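A short worksheet on the structure shown next.
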Amino acid sequence: MWKGNAIIDQLNIDYPIIQAGMAGGVTTPELVSAVSNAGGLGNLGAGYMTPEVMVHRVKEIKRITNRTFGVNVFAPQYPEATEEEITEANKWLEPYRNELGIEQEPTPEQDVALFEKQIEGLMTEQVPVVSFTFGVPTREVIKDLKKEEIVVIGTATTVEEAIINEEYGMDMVVAQGSEAGGHRGTFSGAFDDAMIGTMSLVPQVVDHVKIPVIAAGGIMDGRGVKAALALGAQAAQLGTAFVTCKESGAKVQHKDAILNTKETETVVTSVFSGKPARGIRNSFIEKMENGEGHHLLAYPLQNTLTKDIRKEAASQNRPEYMSLWSGQSPRLSTSQSASSIVESIVFDLENEKM
């Protein structure tokens, strides 16, 4: 059935099903290995991990699967902020810290060597697949990875970004539609100009690049995967579908929120991280966005400032202050195992079920 599928052949997987490399703890080694063992491609979201933690997780994955898996990292971004801007941003967050009993006020720090060390770790561990979000690394980094026979995958939210990924030497590209949950990979042009739906984006990207295309954004089951393949994608990437699965490391409140929300209740917001991301609307979003004269710090500085709030909110069972990332198809979410999700998609594909 999958004869001639370049992605399946190059990644050495059984089915055109890819689990998104979601950062922040969702992609546990158990989740990654379960998807890979079921015949798809599991991915570790290592964007926020130190190189040491990332390598440890990779070793864990290798212990529980001998199948192909990948690691997703963030193309580096190093915005600057003055002390005055940081003080002002913290002032807006002070009421939430007081309510949650958080005494310490964080100072955002950036490790400019993080990305380089992550790449070194990935090459040392001979990770089969490395994908990138928030931009494209240098041609030298891509060449170094490919010399080690590592498959490299980029992310695009417009045709222009897909072309850039191809020009820089990516083996394949994820065409990520606006339905996607969490942060999207927009890096060229304004975010608002890149709010193109998956069903519109995928065929246009397919028509303008020669490398294989992976569809992403709002895809939750076999129907979505089949639609993506019909539009010319050679695989589909699912994120939110796996957030609520048994092996996911998402907080209980996060899983419950997705399982009990509607398609009308997600919103794109920058208040948590400084970068637009789709999540379930809650009081933190509403209060922060209603604040007059409030200027957010750029990503990842704002993300650092709200980290303690999000963490403590989860500990105190206060989902109204958590970042509950979700795509636009929460009604299709389930709490089954990761392998069951893959098996269900494969069943639909092989039985021509719509």
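The shown structure was predicted, so the numbers you read here are calculated from the model rather than taken from an experiment.
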Inset, instruction - Output all residues satisfying salt bridge (charged side-chain N to carboxylate O under 4.0 Å, His left out) with E320, sequence neighbours left out; order by chain, then residue number. - result: R318
Legend entry - ILVMFWY network linking M54 to L114, side-chain heavy atoms under 4.5 angstrom: no
Inset, instruction - Test side-chain contact (heavy atoms from CB on, under 4.5 Å) on M49 and L44 and set out the steps. - result: CA-CA 10 Å; M49 293 181 183; L44 176 70; 3.7 Å; yes
Legend entry - Separation between CD of Q10 and CD1 of I211, rounded to the nearest 0.5 Å: 10.0 Å
Inset, instruction - Using atom types as modelled and distance alone, determine if a side-chain donor or acceptor of E166 lies under 3.5 Å from a backbone N or O of K210. - result: yes
Inset, instruction - Keeping to residues at least two apart or across chains, list the salt bridge (charged side-chain N to carboxylate O under 4.0 Å, His left out) pairs with something in residues 300-317. - result: R97-D308
Inset, instruction - Write out all pairs satisfying salt bridge (charged side-chain N to carboxylate O under 4.0 Å, His left out) with one or both partners inside residues 168-191, taking only residues at least two apart or from two chains. - result: K146-D171
Inset, instruction - Show your working on side-chain contact (heavy atoms from CB on, under 4.5 Å) between T68 and L41 and close with a plain yes or no. - result: CA-CA 7 Å; T68 304; L41 179 73; 3.7 Å; yes
Inset, instruction - Please assess I341 against Q336 for the test side-chain contact (heavy atoms from CB on, under 4.5 Å), listing each intermediate value before the final yes or no. - result: CA-CA 7 Å; I341 293 173; Q336 60 187 317; 3.6 Å; yes
Legend entry - Of all pairs that satisfy salt bridge (charged side-chain N to carboxylate O under 4.0 Å, His left out), the ones with a partner from residues 234-247, not counting sequence neighbours: none
Legend entry - Partner of S248 under side chain to side chain contact (heavy atoms under 4.5 Å, CB included), chosen from Q19, K255, E30, H254: K255
Legend entry - For A162 against V205, the heavy-atom pair lying closest together: CB-CG1, 3.6 Å
Legend entry - Check against side-chain hydrogen bond (donor to acceptor under 3.5 Å, both in side chains), D221 and S344: CA-CA 8 Å; D221 56 22; S344 176; over 6 Å; no
Legend entry - Which residues share a ring-ring contact (aromatic ring centres under 6.0 Å, His included) with F74, sequence neighbours left out: Y48, F134
Legend entry - ring-ring contact (aromatic ring centres under 6.0 Å, His included) contacts touching residues 302-327 (sequence neighbours left out): Y96-Y321, H183-W325, F272-W325
Inset, instruction - Please answer: with hydrophobic residues joined when any side-chain heavy atoms are less than 4.5 Å apart, are L145 and V151 in the same cluster? - result: no
Inset, instruction - Could you pull out all residues at least two apart from E343 that satisfy side-chain hydrogen bond (donor to acceptor under 3.5 Å, both in side chains)? - result: none
Inset, instruction - Not counting sequence neighbours, which residues clear side-chain hydrogen bond (donor to acceptor under 3.5 Å, both in side chains) with N37? List them please. - result: T65
Inset, instruction - Output yes when a side-chain donor or acceptor of N282 lies under 3.5 Å from a complementary backbone atom of P319, and no otherwise. - result: yes
Legend entry - For F191, the rest of its hydrophobic cluster, which grows through side-chain links under 4.5 angstrom: M195, V268
Legend entry - No-hydrogen, no-angle side-chain donor-acceptor test under 3.5 Å, T186 and T157: yes
Inset, instruction - Not counting sequence neighbours, list each pair that qualifies as a side chain to side chain donor-acceptor pair (under 3.5 Å) and has a residue in residues 231-241. - result: none
Inset, instruction - Test V73 against F132 for side-chain contact (heavy atoms from CB on, under 4.5 Å), laying out the working first. - result: CA-CA 5 Å; V73 292; F132 298 92; 3.6 Å; yes
Legend entry - Between CE on residue M322 and OG1 on residue T306, distance to nearest 0.5 Å: 12.0 Å
Legend entry - Under the salt bridge (charged side-chain N to carboxylate O under 4.0 Å, His left out) test, residues paired with E265 that sit two or more places apart: none
Legend entry - Pairwise salt bridge (charged side-chain N to carboxylate O under 4.0 Å, His left out) hits with a residue in residues 63-82, at least two apart: D14-R67
